[in-house]
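Notes follow once the structure below has been shown.
Below, read A as the first sequence line, B as the second, and so on, with proteins coming before strands; counting in each chain starts at 1.
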Amino acid sequence: MMIQTLDHLLEHLRTGKLAKEDFEFLERVNPAELVQELREQFPILVQERRIGKKWELTLARDSHPYPYGSQHRSETGSFAIALDDCLMLNIEAETVTGISLQPDLFVISVDSPITEMELETGGGIKLDLTPDGWALKQLEPHIVRLPESMLSKRGWKFDHLAKLVSVV
Amino acid sequence: MTPTPPEDPLDFIDMDDVIQHGNPLDWMFLGPKPGSPVLAHSPRAVPGTMKHYEIYQDEFGFEIEVHYFRHPDGTVGNVKVCPRS
């Protein structure tokens, strides 16, 4: 039952056409069970953080070396990875407060030794539980550079991601 | 006993919004929206919870809004980046 409902939710979220039962599902689902089910479909744990009452995760279905990664690799310790079909989930006090889907996310180290990472998203869609209720919004294709220290503090699993791709 | 400082909503920005708007530490606070904060009447809200609507300039120079609950104990909840309205 959960799998079928979850599949419907993800499909509806991808198309931006959510139904009443999708919101009811998100408001009633046990977050730990939801995460367990999502980990089956999105097996790569990219990022996980708990702060206060908030639990946030970034998952991906698959990964492969970034196609143009050789342009970015310099010394050992650097990497470039393409993450396919990413899902970002936010849970607060046992309630889902946000879920987004991004078909492509590229993560590239900028320098060596690594102090900065470049994250490139192909865009996507996000459902937020704001203080005024549910809101759907588009995520735009975007490139951002962020300090590696900041991302590590937010629970990005760089060691695990580096093992998924071959490092020059 | 040292009181717990109130939580900073910028520590709770969702990761997908960080990718869209850059490092929250580099955002510029432009002030609260007129009328903010207001008392929350949501059934999810603890009595005394306030709803905050604040304006920031993100790392790329665009104005965005950050909406969140501030609970009586100083914690924050449902911190969300919303389009400028």
Side-chain angles (χ1 to χ4, degrees), chain A residues 27 46-49 51-54 56-58 86-102 105-107 116-135 137-147 149-151 153-156, chain B residues 4-27 32-33 35-46 49-54 58-62 64-71 73-85:
Chain A
E27 287 170 3
V46 178
Q47 176 259 347
E48 182 176 16
R49 179 182 75 145
I51 178 170
K53 293 176 188 163
K54 188 183 185 190
E56 57 182 45
L57 304 100
T58 300
C86 288
L87 181 145
M88 293 186 174
L89 182 70
N90 299 288
I91 296 161
E92 293 178 46
E94 299 297 306
T95 301
V96 175
T97 59
I99 182 167
S100 71
L101 291 172
Q102 296 172 74
L105 186 64
F106 305 106
V107 184
E116 203 169 46
M117 305 296 289
E118 185 172 279
L119 275 62
E120 178 180 350
T121 175
I125 194 159
K126 185 180 185 190
L127 180 64
D128 270 328
L129 183 55
T130 78
D132 294 305
W134 292 104
K137 68 179 183 185
Q138 293 293 326
L139 298 175
E140 299 298 326
H142 202 67
I143 299 175
V144 68
R145 287 193 172 188
L146 297 165
S149 57
M150 177 258 200
L151 291 169
K153 202 172 167 190
R154 288 204 63 145
W156 280 72
Chain B
T4 306
E7 290 179 336
D8 183 346
L10 295 189
D11 288 337
F12 293 79
I13 300 293
D14 295 341
M15 197 65 232
D16 33 38
D17 286 312
V18 172
I19 295 173
Q20 292 285 291
H21 299 288
N23 190 347
L25 291 178
D26 295 329
W27 296 359
K33 288 192 78 171
S36 172
V38 296
L39 192 63
H41 296 290
S42 162
R44 286 183 295 272
V46 169
T49 294
M50 303 298 289
K51 279 197 288 190
H52 287 255
Y53 303 86
E54 295 175 349
D58 72 10
E59 187 182 321
F60 307 100
F62 295 104
I64 55 175
E65 296 183 12
V66 176
H67 301 181
Y68 62 97
F69 288 125
R70 172 77 69 190
H71 303 299
D73 64 358
T75 60
V76 295
N78 299 71
V79 180
K80 297 298 173 185
V81 174
C82 298
R84 187 76 174 93
S85 63

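Contacts of A/E120 with chain B are absent, with no heavy-atom separation under 4.5 Å from either backbone or side chain. Proximity to chain B (any heavy atom under 4.5 Å) is restricted, for A/I143, to the backbone atoms N, CA, C and O. Looking at A/E140, both its backbone and its side chain come within 4.5 Å of chain B, counting heavy atoms on both sides. Only the side chain of A/R49 comes within contact range of chain B, with heavy atoms under 4.5 Å apart. With a 4.5 angstrom heavy-atom cutoff, B/Q20 touches chain A via backbone and side-chain atoms both. Proximity to chain B (any heavy atom under 4.5 Å) is restricted, for A/L146, to the side chain, taken from C-beta onward. Of the atoms belonging to B/D11, heavy atoms from both backbone and side chain fall under 4.5 Å from chain A.
In terms of heavy-atom pairs under 4.5 angstrom with chain A, the leader among B/H67, B/M15, B/K51 is B/M15. Contact count against chain A (heavy-atom pairs under 4.5 Å) is highest for B/D16 among B/D16, B/V18, B/V79. Most heavy-atom pairs under 4.5 Å with chain B, from the set A/L151, A/D132, A/L119: that is A/D132. The choice from A/S100, A/A93, A/P147, A/G52 that makes the most heavy-atom pairs within less than 4.5 Å of chain B is A/S100. Across B/F12, B/Y68, B/Y53, the residue that shares the most heavy-atom pairs under 4.5 angstrom with chain A is B/F12.
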Chi angles and distances behind the side chain to side chain contact (heavy atoms under 4.5 Å, CB included) call for A/K137, B/D17: CA-CA 11 Å; A/K137 68 179 183 185; B/D17 286 312; 2.8 Å; yes
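Applying the side-chain contact (heavy atoms from CB on, under 4.5 Å) test to A/P141 and every residue at least two apart in sequence or in another chain returns nothing. Checked against salt bridge (charged side-chain N to carboxylate O under 4.0 Å, His left out), B/D14 has the following partners two or more places apart in sequence or in another chain: A/K54, A/K126, B/K80.
For the pair B/N78 (side chain) and A/P131 (backbone), a donor-acceptor distance under 3.5 Å is absent.
Heavy atoms from other residues, nucleotides or ligands lying under 6.0 Å from CZ of B/F60 number more than 12.
Between B/I19 and A/M88 there is a side-chain heavy-atom pair separated by less than 4.5 Å.
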